[in-house]
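All values reported here derive from a predicted model rather than from experimental measurement.
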Protein chains: 2
Amino acid sequence: MTQHDPTLGELGEFAVIDAVAAGRAHPDGVLVGPGDDAAVLATPDGRTVVSTDMLVQDRHFRLDWSTPQQIGRRAIAQNAADIEAMGAMPTGFLVAFGAPAETPARMATELSDGLSEEAAKVGASVVGGDLVTAPQWVVSVTALGDLGGRPAVLRSGTRAGDVVAVSGELGRSAGGYALLAAGATELGPELSALVERHLTPVPPYGQGAVAAAAGATAMTDISDGLITDLAQLAEASGVGIELSTTELAPDTDALVVAAAALSLDPAVVNEWVLGGGEDHALAATFPSHIELPERWRAIGQVVEQPGIRVDGQAWQGPAGWDSYGATR
Amino acid sequence: MTQHDPTLGELGEFAVIDAVAAGRAHPDGVLVGPGDDAAVLATPDGRTVVSTDMLVQDRHFRLDWSTPQQIGRRAIAQNAADIEAMGAMPTGFLVAFGAPAETPARMATELSDGLSEEAAKVGASVVGGDLVTAPQWVVSVTALGDLGGRPAVLRSGTRAGDVVAVSGELGRSAGGYALLAAGATELGPELSALVERHLTPVPPYGQGAVAAAAGATAMTDISDGLITDLAQLAEASGVGIELSTTELAPDTDALVVAAAALSLDPAVVNEWVLGGGEDHALAATFPSHIELPERWRAIGQVVEQPGIRVDGQAWQGPAGWDSYGATR
């Protein structure tokens, strides 16, 4: 005999919200948490950093690939990365969740668990949200952050002569996606780790603030693909960027095993690293006289000539992810 | 010969975002606007108020009833009302928009026009957003606000003996919805105004801060229905509320014409006023010795006995709107 699993529609919006918000811990900066018309966060810096990202079922995640907990973790991670990319630290998240009325309420609790777990990794919490009926799952997250007295690090601040560096992993999400899309099963630990990275990115939390404190001149997170995101940074700064595949070897080397498992041309690892998004690594530029912080590594140079070149050539492969499906 | 109307998918995410963000004015408090990884807002008060609401096509709006501009205005209005209900003033909005790739880009521009127009009414702007593919329209808005040095007005602060008052209109949205749902056409100016109120609510902007400054002890916006929202406020405060239909006459009287046009029992106007949500009026409680601010009117009393009573009786009609369709 199985117990009946109540749905969102049976419990109703207010009961579900009460249940998922109950007992969650909040840091001291959350002056008013969930349950009122709005939340109130402390902003001792006198500024607040804000960003929003929407994830739609079957476009940004699949319920047969990801657990609700993984979807929650990813939704927070990619929003937190946008805050980090300004040189700030996340302070709170708001989550609007749309789902069919027949969704088991248990799945909303698991989503909420993932949201709260990932938020806790950056010392923050989910301070508010909304729960509505939708034909499919939609998870819309807004992240707030604090600059700790530092200037915001924009995309527009780099100049020719700066070093381009990254913190975090590149290409892992694209490699993991290729394995999932090919239906690869019985994966060993190395390949399983790539799949896990696609389902739940691991941004280099704290490194945005580290880069800002070290003197980064421009910064962005890698969400749409390294080439695409660096192209936006270069355009905003009125410069170009030269990348070197030699310097990207730590990333491409880690993906050779996935290309082999899928019997793909080994060169595909360059496409994954240069064109694959969703790893939410951070890319920043630093004046060349600055020693890079510990968890940052150089991958290229800022130059005057506009555009992005790889080993001296304009990149010909897929550049990255466009939300409407066009490869740029 | 008609010109081809480019779609979101044809233009691509980045081009559409650039186009809708171009040339929009921002107040001084927007330190970094759209176009970077995140926006930066000034928070001179040392706190920020935040709230989020998701609107889903065919659940919260219909594209055959509302123009994209009206949808944008409503999305901002209902989020601004949540900020007002804390006693704060909106300072900025983030908008995540999901839509099919074949949506004409013109419609996104019109939506954006509505968002910006309504934000400007409260002296704020759209500071950031996201644009993604979704099977239907989803508009998820986050509002930020500033308390101007005042304490936040929570739902939990009222006590027996306080006066319950409202600012703004009640029941207009429900009356307008009834006219739309009945397919009523050729409406005179009075009925058309009700339909317009349903499509674009008119919150009493600025009155949240006025109530806070005047000494309001608790406040909420009327989004789910007067009874439902007051029940939440009463429960949070551990009290009950007695309402009087006599004091609600300014609202019920204004709806008699709609009940007549639809040949409905005249008593339906009480249901619209007491059970209808989405007008985004503000309801607040004030100590009885305080003179109500100019645009506020008394509608009832806070009492010790829990629950909401109308003219001394527990309300038997529909209580309001639950996102999953259950009438509470």
What donor-acceptor contacts under 3.5 angstrom involve side-chain atoms of residues 14-21 of chain A, with partners at least two apart or in another chain?
none

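For Ala152(B), the part lying under 4.5 angstrom from a heavy atom of chain A is the side chain only. Heavy-atom distances place the backbone of Val95(B), and not its side chain, under 4.5 Å from chain A. Proximity to chain B is limited to the side chain of Leu147(A), based on heavy atoms less than 4.5 angstrom apart. Using a 4.5 Å cut-off between heavy atoms, Leu233(B) makes no contact with chain A at all. For a residue to count as touching a neighbouring chain, one of its non-hydrogen atoms must lie under 4.5 Å from one of that chain's; by this rule Val40(A) touches chain B with backbone and side chain alike.
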Exercise. Dump the intermediate steps for side-chain contact (heavy atoms from CB on, under 4.5 Å) on Met86(A) and Val32(B), then the final yes or no.
Key: CA-CA 10 Å; Met86(A) 302 299 281; Val32(B) 177; 4.2 Å; yes
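In terms of heavy atoms, Pro135(A) sits closest to Gln136(B) at CG-OE1, 3.5 Å. In terms of heavy atoms, Met54(A) sits closest to Ser140(B) at CE-CB, 3.7 Å.
Although no hydrogens or angles enter the test, the distance criterion places no donor-acceptor pair under 3.5 Å between the side chain of Asp36(A) and the main chain of Leu154(B). Listed for the Thr142(A) side chain is no donor-acceptor partner under 3.5 Å among the backbone atoms of Thr142(B). Judged by distance alone, the side chain of Arg155(A) and the main-chain N or O of Gly35(B) form a donor-acceptor pair under 3.5 Å. Not a single donor-acceptor pair under 3.5 Å links the side chain of Ser51(A) to the backbone N or O of Ala38(B).
Contact of the Val132(A) side chain with the Arg59(B) side chain is not registered, since no non-hydrogen atoms from C-beta on lie closer than 4.5 Å. Side-chain atoms of Thr133(A) and Val56(B), non-hydrogen and from C-beta on, never get closer than 4.5 Å to each other.
Rounding to the nearest 0.5 angstrom, the gap separating the CG atom in Asp37(B) from the CG atom in Asp229(A) is 7.5 Å. One distance of note links CG of Leu41(A) with OG1 of Thr43(B); it measures 10.0 Å at 0.5 Å rounding. In this structure, the separation between CG on Asp130(B) and OG1 on Thr52(A) is 6.5 Å, given to the nearest 0.5 Å.
In terms of non-hydrogen atom pairs under 4.5 Å with chain A, the most contact-rich of Val49(B), Leu55(B), Val50(B), Asp82(B) is Val50(B).
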